Every structure is written in structure tokens, then in C-alpha cells.
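Quick caveat, the model's predicted, so the values are computed rather than measured. Side chains included, hydrogens not; waters and symmetry mates left out as well; all remaining heavy atoms used.
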Amino acid sequence: MSSATTGPTATTPLNGNATPASGSRLGLTAREIPATVEVIGAETLREQGYHTTVDAVKGATGVSAGDAPNDVGFAMRGFQGNQINVLYNGINIGPTGFTALTMETFNLDRVEFLKGPSSLSSGQGAVGGTINFVTKAPHTGPVESEAFIGFDQRGTFRSGFGSGGSTTIQGLDYRFDISRTKEIGFIDDTEFKNVHVSGQLNYRLSDSFRTFVAAEFKDYKAKPYEGTPLVPVAFSGANATSGIVSGTKVSDYNGTNLGAVTIDGRSLSTNYNVIDGHKTIKESWVRSGFEWDLTNAVTLRSQIYNYNASRDWYNNEVSAFNAGTNLVDRERFFVHHNHNIVGNVTDVTWNGSIFGLSNRMVASVESSHTDFTRPGAANFPGESVPLVGFDRGTYGLLTTQLQTAAIDSVAINLEDRLKLTDTFALVGGLRYNPFTLDRNWIRNGAERPGFPYSKSWQPVTGRIGYTWEALPGTTFYSQYATASDISADSIFLLSPTQNLTLSDSRSYETGVKQLVWNGRAEWTFSAFDIERNNVYSAQAGQQLNLAGKVKSQGIELAAAVRPTTETRLWGNVAYVRARYADYDLANGGSFSGNTPPNIPAVIVNGGGSYRFLNPGWWPVELGFSVRHVGDRWSTDANTVKLLAYTTADLFAFIDLPKVPLFATATSTRLAFRVRNVTDKRYAAWSDPFYPDQIFLGAPRTYEVEASFKF
């Protein structure tokens with residue numbers, strides 16, 4: 001829960017002393033939580049050039065994401081899509097697949113990652129893990145302001161301004177941020193525009209009582225990229241590319257046998273969307289609450305919130321090559337969301353002792369009501385066009401149908417840390433989360449068969465683990481954790497004919513976290529085993545298959561070191577082996593043993609920089625980063641492979657002294673960055689609902705940015 005308190009102080013190389021809200025309500029640091037927790041702070045977001053939330057997520061250990069300015073997709077620890085919870089200031093607003101929004105990171109204080117099943121902290125859906133985006137909050141002290149402006153060679157423009165500190169009113173602190181982005185895509189006629197405004201007031205009524213009010217508004221408009229079709233190698237001939245995809249395919253859309261497939265070199269920047277295709281989202285948040293120290297040992301916190309979103313997709317979303325006609329079959333998709341949530345989180349923290357042993361306990365109650373309406377297309381117009389040189393056309397005739405969902409949820413959480421010794425602690429918790437779904441579906445003025453209907457669930461999830469600081473700065477940990485989620489992809493879209501049960505997940509994890517060399521080096525290691533039961537899997541045409549189980553085992557290692565004042569080195573590597581089990585098809589086949597889509601076995605990130613402190617001219621910092629993502633499959637069938645790729649970025653910072661041009665700035669930095677310096681062409685992501693096409697990664701990009709603090 002985000003409250004009147006400020007964000008964490010990050011002074012170690014991996015931010016192990018940060019206090020991530022997504023990790024636990026107990027107020028523990030990342031090193032004190034018996035789980036893998038990562039925190040990417042605002043300074044790292046700036047240093048690494050993580051402009052968007054998608055950029056930031058890909059810097060974390062073992063996390064992958066789609067590059068395109070489209071529907072956001074994340075994957076970690078063998079799971080993807082709606083099995084990854086995305087929170088905003090600790091609040092879950094629903095399935096990631098259509099609630100996650102690409103944002104500029106300027107307004108963010110940090111991005112938190114809690115790996116593995118974590119329904120205790122974030123509710124339904126947290127199987128692979130949880131990502132929490134935390135907005136900048138006020139601080140107490142002199143007013144500090146910052147601004148930036150940036151460009152790239154495609155015409156992208158980014159800018160932002162923020163300010164915060166104490167006001168002339170005793171006890172009143174403020175924070176205000178605004179950022180604006182217009183990013184030009186590498187696919188013809190694609191772009192997204194994003195305006196993000198956020199603000200918060202903190203007021204200390206007394207030493208024991210603090211209150212806050214916060215508001216945010218986001219306006220997102222995109223002309224999106226919906227994917228590039230897989231085509232037969234035999235059709236492309238000399239235009240066939242290598243190093244992007246491999247394998248064979250029978251089209252899921254038109255049933256024709258494409259044989260060996262490739263990405264045609266003539267289509268690397270082709271936009272298969274219609275001229276009037278678009279995606280628009282408007283979001284607003286209002287949050288308010290208080291923190292009250294009832295005694296030296298007991299603190300009461302409460303927060304109320306309202307979230308409202310209007311989303312609109314109006315595009316050609318299917319682009320499937322037809323081997324019978326040598327044309328690309330296209331089909332339209334339309335949907336609109338009206339999404340409103342009202343909720344409250346209240347918790348009580350008690351610091352005391354049990355039988356003389358230090359103990360901290362948090363009891364919390366969450367409640368929320370969601371109203372969701374989804375006018376969607378009742379018809380799907382389309383046509384066939386040549387692979388290159390075609391009229392993109394317009395959307396065409398639209399007939400709509402209405403789907404509604406109302407969700408009432410209550411959750412009771414209890415977390416506790418009992419220190420058996422000064423160095424050994426037991427940490428655990430339970431969550432009881434009864435919730436009810438009421439759905440309806442109206443087409444041509446009549447309710448569809450089986451609607452309306454109502455369904456209730458009562459999942460219980462939790463965590464039990466320990467931390468042992470065997471040596472100063474060296475902590476061993478293990479935990480057992482569980483999660484639950486709707487087995488059939490999205491609670492908002494469930495049909496009465498689907499299996500209306502919950503999927504259950506469990507995880508075993510063990511690891512070590514160490515801070516050494518007088519705080520200049522930090523590393524973490526973890527090994528995990530996750531199993532998810534009663535799984536449904538996305539298939540072409542918005543269909544789902546009963547997929548049995550997903551089993552995932554892996555290891556993760558992250559490290560960062562500051563050998564000298566001028567030098568920084570960092571890196572992380574993740575290995576995961578994810579497989580389906582008991583995945584038998586209706587036609588007698590089986591996908592058991594196959595890997596879920598978009599899950600690479602290996603992800604490696606690394607980088608470093610060196611700062612010339614006194615070079616005889618202005619201070620300069622030079623650096624690099626490298627990212628390697630292993631092979632991935634595009635569908636459950638495991639016949640088309642998205643091939644492994646490696647990209648590298650280079651950057652240079654120049655810090656200017658006070659100059660007349662920027663007389664009020666206390667700090668001015670010019671940044672130059674080259675992304676994907678080798679201009680590697682690669683497949684970034686695949687949408688299992690649209691398996692005849694894949695999303696390409698961005699080519700080489702040159703950027704320049706100026707930032708100021710004053």
C-alpha cells in the first residue's frame with residue numbers, strides 16, 4: 001500500500017536496503033524478505049535510459065517483454081501474460097493483458113519485482129511474479145526540481161518536469177510531475193503519444209498522524225503495430241531472412257501449409273494495420289489515506305482509491321499468410337472498455353514480542369468493487385492483400401455487442417515475522433480472498449445462452465519461509481509460497497461453458513543474498529521450482545485449450561559492484577526450464593513436454609560504465625549494456641522458433657558545470673545513446689491468440705537527451 005511515507009533509500013549496488021511495498025506489508029527490506037525481490041530505482045532508470053516501463057522491466061533478472069507499442073506482455077519464471085501481476089502503487093487493477101499500459105518512467109520513483117507465486121501480496125494472477133510501478137512521492141526538505149528533453153533520429157520526442165519538497169505551510173510537502181512522449185515506431189506509420197500527470201500532497205498533522213492525497217492522469221494514443229506475418233521460405237526466395245525465426249507452420253487462421261517459414265525482408269517495416277487503426281486509453285487515479293501511530297508499537301494505515309479507465313482498440317489484428325493464394329489474410333478487431341474500481345486497504349502493524357522473541361505482525365483488510373463494460377465487435381470484416389505494395393484500407397462496417405462484469409472482492413491478510421535469534425527469523429502469511437463475479441453478454445439486443453450468471457470463489461494463499469544472516473551481510477533464505485488465479489485466462493471474459501475453477505500454483509525457492517566489500521558489491525542467487533495446475537492456454541482465434549499443468553524450474557543470479565568511485569559493473573543471468581504436463585488434445589495429440597510461448601531458457605543482461613572525474617574538461621561517463629535472450633517458441637505446438645538474439649547499447653554522459661545558458665540549473669547532463677548498435681534484426685514477442693504473425697524488435701536507434709536539476 002502506498003501511503004504518506006516516502007520511497008526507499010537505495011544506497012547499495014542492487015538496492016538491497018530498499019523497502020519494496022510489493023514484497024511484504026511488514027516493512028522489510030529486500031534482503032529481509034525470504035523471496036527474490038528486485039528494485040530498480042529512479043537513478044538507475046535514468047542511468048540506463050529506461051524510457052518506458054517496458055524498457056525498465058527488461059532490465060530485471062529473467063524478465064522478457066514485447067518491444068512494440070502495443071498490448072503489453074511480460075514473462076518471468078516460465079509464465080507470461082495474465083500470470084504476471086502488474087500493480088500501480090501496490091494496487092491490482094485486473095488482468096495484465098489489457099490493463100497494463102506503456103508509460104514514460106519519468107513519473108516513477110522505482111519499479112519493484114517480486115518473483116514467483118505471490119498472491120499473498122498482490123491477489124489473483126501472481127504466478128510468475130509481480131511488478132509494481134511506484135509513482136514519485138513528496139519528500140520533506142528544500143524544494144528540488146528536475147526536467148528533461150530528448151529526441152531520436154526517427155522523430156521521437158520526450159520531455160518531463162517534476163518538482164517536490166516542503167511548502168511554506170508547516171508539515172505540508174508536495175510532489176508534482178508531468179511527462180509527455182511522442183515515440184515514432186520503426187514500423188511504417190506507427191507511433192504512440194503519452195501524457196502522464198501525477199501529484200501528491202503529504203501533511204503531518206502531528207508527529208503521530210500523517211495523511212496524504214494523490215492523483216494521476218494518463219492519456220495514451222497509439223497507431224499500433226499488430227505484427228509481421230510468417231511466410232513460406234519458398235515464397236520469399238531471395239528475400240527470406242535468417243536469424244529471426246525458424247521452423248514449419250500450418251496456418252492457424254486459414255489452415256494452409258506454409259512449410260518452412262521466415263520473415264520476408266520486404267516486410268521488415270511494413271504496417272499491415274488499417275489506416276484508421278488506433279488504440280487509445282485514458283486513465284485516472286485518486287488515492288487518499290492516513291498513517292497513525294496509535295502507540296509506539298502499533299500503527300494504523302488506511303487508503304481509499306478510485307481508478308477509472310476508458311480503452312479503445314480499433315485495428316486490423318490478424319495478418320496471416322495464405323499459401324493457397326500467396327496473399328495475406330486480414331481480419332479486424334474492435335473492443336472498448338469502461339473500467340471503474342473503488343477500493344480500500346486498511347492494515348494494523350504491531351511491533352512487540354512473543355515469549356521474549358521480537359515479533360512484527362500486520363493484519364489487513366482489502367475490499368474493492370469493479371464495474372467493467374466491454375462493447376466489442378459482433379462482426380469481423382476482412383480481406384486479403386499482397387505481402388507488399390497494397391492499399392491498407394479502413395476498418396469498415398462495425399456491429400457491436402456488449403459484455404459486462406461486476407466483481408466484488410474482500411481479502412483478509414495476516415503476515416508475521418518472528419525473530420528466533422538476532423540473525424534467524426521466520427516470515428509467513430495467509431490471505432483469504434472471497435470474491436464474486438457477475439457477468440452478462442448481450443448480442444443483437446438479446447442475452448446469449450447461459451447469461452447472465454454469477455460465480456463465487458474463496459481462495460486461500462500464503463507464504464512460509466525463513467531468513468538467516470549467517471554472517472554479517474550474508475543472508476540465506478528459503479520459502480514455500482502459493483498463488484491462485486482464474487484458470488481460463490481472464491476473469492472479465494469468462495463464459496459459463498468454461499471451467500469456472502481457479503488454477504492453483506505452488507513454489508519452492510531457496511537462495512542467498514550478500515552485501516560485501518564495505519557495501520560496494522552485492523549479489524543474489526536463487527533456485528526455484530514452480531508448478532501450476534488446472535491450466536488453460538491461449539490459442540488462435542481467442543480460443544483456449546485445457547493444458548493441464550505447467551512445471552517450471554530455474555536459477556537466477558544478479559550482481560553489481562563499484563570497484564572504484566569511477567567504475568560500475570552489473571549483470572544478471574536467469575535459466576528456466578518450463579514444460580507442459582498432462583496437456584492432451586481433443587484429437588488425440590499431446591503437447592506434454594512442450595515449452596509455453598515466449599519463454600526463453602536463458603536471459604542475460606550486463607553492463608558497465610567508467611566516469612572520467614578530472615579529465616581536463618567536463619566530467620564524462622562512458623558505458624555499455626548487453627542483453628541476450630534465448631530461443632523461444634511462438635505457440636504451444638513448438639513448431640516455430642523465435643531465434644535467440646543479442647543486442648548491445650552504448651552511451652556517453654557529459655555533466656556540464658553552471659553555464660549562462662542554464663543559469664538556474666545546479667546539474668546539467670547531456671546524454672548520447674545508441675541502442676542495438678549492431679542493428680540486429682530479431683523476433684521480440686509472439687501473441688498466442690494471433691500465432692500467424694510475430695513482433696519484431698527495434699533496429700538501431702540514436703538518441704540525445706538533456707536533463708537538468710535545479
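With a 4.5 Å cut-off on side-chain heavy atoms, Leu300 and Thr346 count as touching. Between Asn89 and Arg287 there is a side-chain heavy-atom pair separated by less than 4.5 Å. Leu418 places none of its side-chain heavy atoms less than 4.5 Å from the side chain of Ser358. A heavy-atom distance below 4.5 Å is not found between the side chains of Val342 and Tyr305. Side-chain contact check for Val640 versus Trp633: every heavy-atom pair is 4.5 Å or farther apart. Using a 4.5 Å heavy-atom cutoff, the side chains of Pro597 and Gln80 are in contact.
Of the N and O atoms on the side chains of Thr436 and Asp408, not one donor lies less than 3.5 Å from an acceptor on the other residue. Residues Thr461 and Ser119 have side chains that never bring a donor and an acceptor to within less than 3.5 angstrom of each other. The closest side-chain donor-acceptor pair between Ser484 and Asp504, if any, does not fall under 3.5 angstrom. Between the side chains of Asp636 and Tyr580, at least one donor N or O sits under 3.5 Å from an acceptor N or O. Side-chain atoms of Thr595 and Arg579 form a donor-acceptor pair, as typed in the model, at a separation below 3.5 Å. Side-chain contact annotation: Thr36 with Glu509, donor-acceptor N/O pair under 3.5 Å present. Between the side chains of Arg627 and Thr647, no donor N or O sits under 3.5 Å from an acceptor N or O. Asn605 and Asn572 share a donor-acceptor pair across their side chains, judged by distance under 3.5 Å alone. Side-chain atoms of Ser22 and Asn132 include no donor-acceptor pair closer than 3.5 Å. Side-chain atoms of Thr501 and Asn534 form a donor-acceptor pair, as typed in the model, at a separation below 3.5 Å. No hydrogens or angles considered: nothing links the side chains of Ser634 and Ser686 as a donor-acceptor pair under 3.5 Å. Between the side chains of Glu291 and Thr299, no donor-acceptor pair of N or O atoms lies under 3.5 Å. Under 3.5 Å, the side chains of Thr474 and Glu469 contain no donor-acceptor pair of N or O atoms. In this model, a donor atom of one side chain and an acceptor atom of the other lie less than 3.5 Å apart for Arg463 and Gln479.
At a threshold of 4.0 Å, the pair Asp529-Arg506 counts as salt-bridged, since one of the basic side-chain nitrogens sits closer than that to a carboxylate oxygen. Under 4.0 Å is where a charged nitrogen must lie from a carboxylate oxygen, and between Glu366 and Arg431 at least one such pair does. Residues Lys513 and Glu522 are not paired through a salt bridge, judged by the lack of any N-O separation under 4.0 Å between the basic side chain and the carboxylate. Ionic pairing of Glu556 and Arg77 is present here: one or more N-O contacts between side-chain nitrogen and carboxylate oxygen are shorter than 4.0 angstrom.
Within 6.0 Å of NZ on Lys455 lie more than 12 heavy atoms contributed by other residues, nucleotides or ligands. Annotation for Trp468: atom CH2 does not count as buried by contact number, only 12 or fewer foreign heavy atoms lying within 6.0 Å.
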*Evaluate side chain to side chain contact (heavy atoms under 4.5 Å, CB included) for Val63 paired with Ile603, printing each intermediate quantity in order.*
CA-CA 8 Å; Val63 184; Ile603 298 178; 6.0 Å; no
_Evaluation steps, side chain to side chain contact (heavy atoms under 4.5 Å, CB included), between Ile93 and Trp285_ = CA-CA 11 Å; Ile93 59 174; Trp285 282 93; 3.4 Å; yes
*List the steps and the verdict of ring pair (Phe, Tyr, Trp, His ring centres under 6.0 Å) for Tyr508 and Phe528.*
CA-CA 6 Å; Tyr508 299 100; Phe528 59 87; over 10 Å; no
*Passes side-chain hydrogen bond (donor to acceptor under 3.5 Å, both in side chains), Asn533 versus Ser503? Steps please.*
CA-CA 6 Å; Asn533 299 294; Ser503 171; over 6 Å; no
_Pair Val111-Thr53, side chain to side chain contact (heavy atoms under 4.5 Å, CB included): steps then yes or no_ = CA-CA 8 Å; Val111 183; Thr53 48; 5.8 Å; no
*Tell me, with the steps shown, if Ser302 and Asn344 meet side-chain hydrogen bond (donor to acceptor under 3.5 Å, both in side chains).*
CA-CA 7 Å; Ser302 185; Asn344 173 263; 3.3 Å; yes
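Separation of the Tyr645 and His628 ring centroids does not fall under the 6.0 Å cut-off. With ring centers used as reference points, Tyr477 lies 6.0 Å or more from Tyr466.
Each of Asp485, Val576, Ile530 was evaluated against Phe79; a single residue qualifies, Ile530, per the side-chain contact (heavy atoms from CB on, under 4.5 Å) test.
Aromatic ring orientation, His339 versus Phe372: perpendicular (interplanar angle above 60°, classes split at 30° and 60°).
Remark: side-chain polar atoms of Arg632 are paired, donor with acceptor, to backbone N or O of Leu643 under 3.5 angstrom. At distances below 3.5 Å, not a single donor-acceptor pair connects side-chain atoms of Thr44 with backbone N or O atoms of Ala42. Side chain of Asn413 to main chain of Ala363: no donor-acceptor pair is present (N/O by atom type, distance under 3.5 Å, no hydrogens or angles). No donor-acceptor pair closer than 3.5 Å links the side chain of Thr130 to the backbone N or O of Leu114. In this structure, the side chain of Ser592 engages the main chain of Tyr583 through a donor-acceptor pair within 3.5 Å.
To the nearest 0.5 Å, atom CZ of residue Arg25 and atom CZ of residue Arg301 are 9.5 Å apart. Separation of atoms CD1 (Ile91) and OG (Ser122) is listed at 12.5 Å; rounding is to 0.5 Å. Once rounded to the nearest 0.5 Å, the distance linking CZ of Arg360 with OG of Ser24 reads 8.5 Å. To the nearest 0.5 Å, atoms CG (Asp687) and OG1 (Thr635) are separated by 12.0 Å.
Taking Tyr453 as the reference, Phe451 meet the ring pair (Phe, Tyr, Trp, His ring centres under 6.0 Å) condition, with sequence neighbours excluded. By the salt bridge (Lys or Arg N to Asp or Glu O under 4.0 Å) test, Glu415 is found to be paired with no residue, residues two or more places apart in sequence or in another chain being considered. Listed by chain and number, the residues in a ring pair (Phe, Tyr, Trp, His ring centres under 6.0 Å) with Trp457 are Phe435 (sequence neighbours excluded).
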